[in-house]
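Presented below is the structure to which this report refers.
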Amino acid sequence: MVTSRLPGFYKLTLEERRRIAAEALGVEVRELEDALGAGGIDAARADKTIENVVGTYAMPFALGLNLQINGRDYLAPMVVEEPSVVAATSNAAKIIRAGGGFEAEADAPVMIAQIQLDSVVDVAAARAALARETHALLAQADGAIPGLVARGGGARALEVRDLGEGWLVVHVLVDCRDAMGANLANTVAEALSDRVAALAGGRAGLRILSNLSDRRNVRVRCAVPVGALGFDGYRGEEVRDRIVRASEFADRDPYRAATHNKGTMNGIDPVVIATGNDWRAVEAGAHAYAARNGRYEPLCTWRRGDDGALVGFMEVPLALGTVGGTLRVHDGARFGLKVAGVDSAQELAMLAACAGVASNLAALRALATDGIQRGHMALHARSVAIAAGARGEQVEQVARAIHQAGAVTVEAAVDVLRCLGGLHEGTPPLRVLVER
Ligand code: MEV
């Protein structure tokens, strides 16, 4: 059973972190290094993946810590270039853990395949004909995706939406099991379009999935006790109330909602990327869903619960896969999936969503109190302390000293380290330290 509590993980060296991570995951360090060492994919394989390849481009791969979902610990694989995101997500997940962690659930992995129709003269007759033939059409769809049907998925239902002026769109709902499902949905849409158009007495247009995959939503809830929210001079109740007001600000203002949701996607996207999933699809779906009521709204909301706890809730479409796609070619993505330790695409979607809720909470807690710059500087001070050679307890001591002195530089950190007696024979010269 994996534990996601790895106290002091951030203070370790890269080598130490690799060792602890491998141990936590029950794999050899070698396996981790083979998967991630060269960024997960070599140029030869990249060349077989997309067109006009001239190289590869690596990003940092980190572990999001402290996540507990439905009573189980998860390590979140996170690929992201933005400093503070992983620390903030891990820190907020620890706070949420104090209230029992996340409760999450995911819908069945159903994708929507769209068939556009126009020039339909009699919409009622088209609806009736399609309803009459639904059974046969679903069977025809299943015939186009036998592999998925063998894995327990397949076409489940047909829906007709009237877009006005003779325009209809037919949705075929396809249970894609552990696949993201874009290709499966597209295959189904193309296979059915001629027959659907003939039955409806119209002309077929586009045949493609919808990225507003709202049949495949994830719901996350958490209740954070106020005792876990306070820090420095801030009482927990005060922090809760400020977070609730920040959440209401996003309810009222789409300009704020966009940034609020960006902070949530800060937690979701890194998990999506680390597991080889299509983050453009996830982004498109999330923002379309955020605008479903005719105005752009926050995905994640925070309210005061009856018992005084801070209650977070989010519902978001997440079309993720744990088979096929990038996973076939990318060792890093396969390793990401191993880190996630999930058994299904639904479970992966829950993990990504929970990382999103944690990231959103971290951002609001900082923004509603000190602002985010202070935390960023504190984190930066830690990495500067480590770069200057600080280890173990010294990391915090040096970081605090240079942060308080307002001199967050490697030179200042080396000075503090020298005073602490932490620079001794064998410590690399300053030039080397700066280059690290
Ligand atoms: C920065 O990447 C994300 C934030 O702007 C999110 C927010 O404002 O809620 C801090």
Side-chain angles (χ1 to χ4, degrees), residues 10 59-67 76-96 102 220-222 224 228-229 231-232 234 238-274 279-280 282-287 289-291 295-304 310-316 318 352-383 403:
Y10 67 91
M59 298 245 285
F61 183 112
L63 301 187
L65 306 180
N66 304 322
L67 287 120
M78 299 182 81
V79 168
V80 64
E81 85 299 345
E82 184 175 333
S84 305
V85 164
V86 175
T89 302
S90 303
N91 189 32
K94 191 158 114 195
I95 294 172
I96 291 167
F102 301 93
V220 176
R221 187 186 171 280
C222 61
V224 191
L229 283 171
F231 67 101
D232 290 352
Y234 297 100
E238 193 185 349
V239 176
R240 174 200 61 205
D241 294 344
R242 287 175 181 230
I243 291 173
V244 169
R245 279 209 304 285
S247 181
E248 287 169 354
F249 176 19
D251 290 339
R252 287 164 187 261
D253 180 16
Y255 285 88
R256 173 56 208 159
T259 325
H260 178 103
N261 288 345
K262 194 276 183 181
T264 305
M265 301 315 289
N266 269 353
I268 295 179
D269 284 340
V271 178
V272 174
I273 298 170
W279 70 94
R280 288 90 56 212
V282 164
E283 284 281 338
H287 298 295
Y289 190 74
R295 67 190 295 257
Y296 189 86
E297 294 172 332
L299 292 166
C300 187
T301 53
W302 298 91
R303 297 289 183 264
R304 183 194 160 130
L310 175 70
V311 177
F313 179 76
M314 179 172 77
E315 178 158 5
V316 67
L318 275 180
C354 292
V357 170
S359 171
N360 180 236
L361 174 62
L364 296 191
R365 183 165 174 255
L367 287 166
T369 53
D370 284 339
I372 55 169
Q373 292 309 83
R374 198 179 124 180
H376 281 179
M377 265 341 256
L379 271 182
H380 182 54
R382 273 191 208 137
S383 37
H403 186 220

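Start at 1 and go down the list; that is how both ligands and their atoms are numbered. Keep in mind the model is a prediction, meaning the values are calculated, not measured. Every heavy atom of this structure was used, including side-chain atoms; hydrogens, water molecules and symmetry mates were not.
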For ligand 1, the portion of Met265 having any non-hydrogen atom under 4.0 Å away:
neither
Considering only heavy atoms of Lys262, which atoms of ligand 1 have at least one such atom less than 4.0 Å away?
1 (C), 2 (O)
What protein heavy atom sits nearest atom 8 (O) of ligand 1, and how far off is it?
Arg256 NH1, 2.9 Å
Spacing of NE2 belonging to His260 relative to CG belonging to Asp251, to within rounding of 0.5 Å
8.0 Å
Side-chain heavy atoms of Arg240 within contact of Ile243, under 4.5 Å:
no
So CD of Glu283 and NZ of Lys262: to nearest 0.5 Å the spacing works out to 9.5 Å
Polar atom proximity, Asn360 to ligand 1 (N or O, under 3.5 Å)
no
For Arg365 and Leu229, indicate whether the former's side chain and the latter's backbone hold a donor-acceptor pair under 3.5 Å.
yes
Hey, is Leu367 touching ligand 1 through its side chain, its backbone, both or neither, going by heavy atoms under 4.0 Å?
side chain
The closest protein heavy-atom partner of atom 5 (O) of ligand 1 is Thr259 CG2, 3.6 Å
With a 4.5 Å heavy-atom cut-off, do Leu299 and Met265 have their side chains touching?
yes
Test item: Trp302 and Asn360 side chains (from C-beta on) under 4.5 Å apart, heavy atoms
yes
At a 4.0 Å threshold, what atoms of ligand 1 neighbour a non-hydrogen atom of Glu82?
1 (C), 2 (O)
In ligand 1, the atoms that come under 4.0 Å of a heavy atom of Gly263 are 6 (C)
Any idea which protein heavy atom is nearest atom 3 (C) of ligand 1, and the distance to it?
Asn266 ND2, 3.5 Å
Between Glu238 and Arg242, is the closest basic N to carboxylate O distance under 4.0 Å?
yes
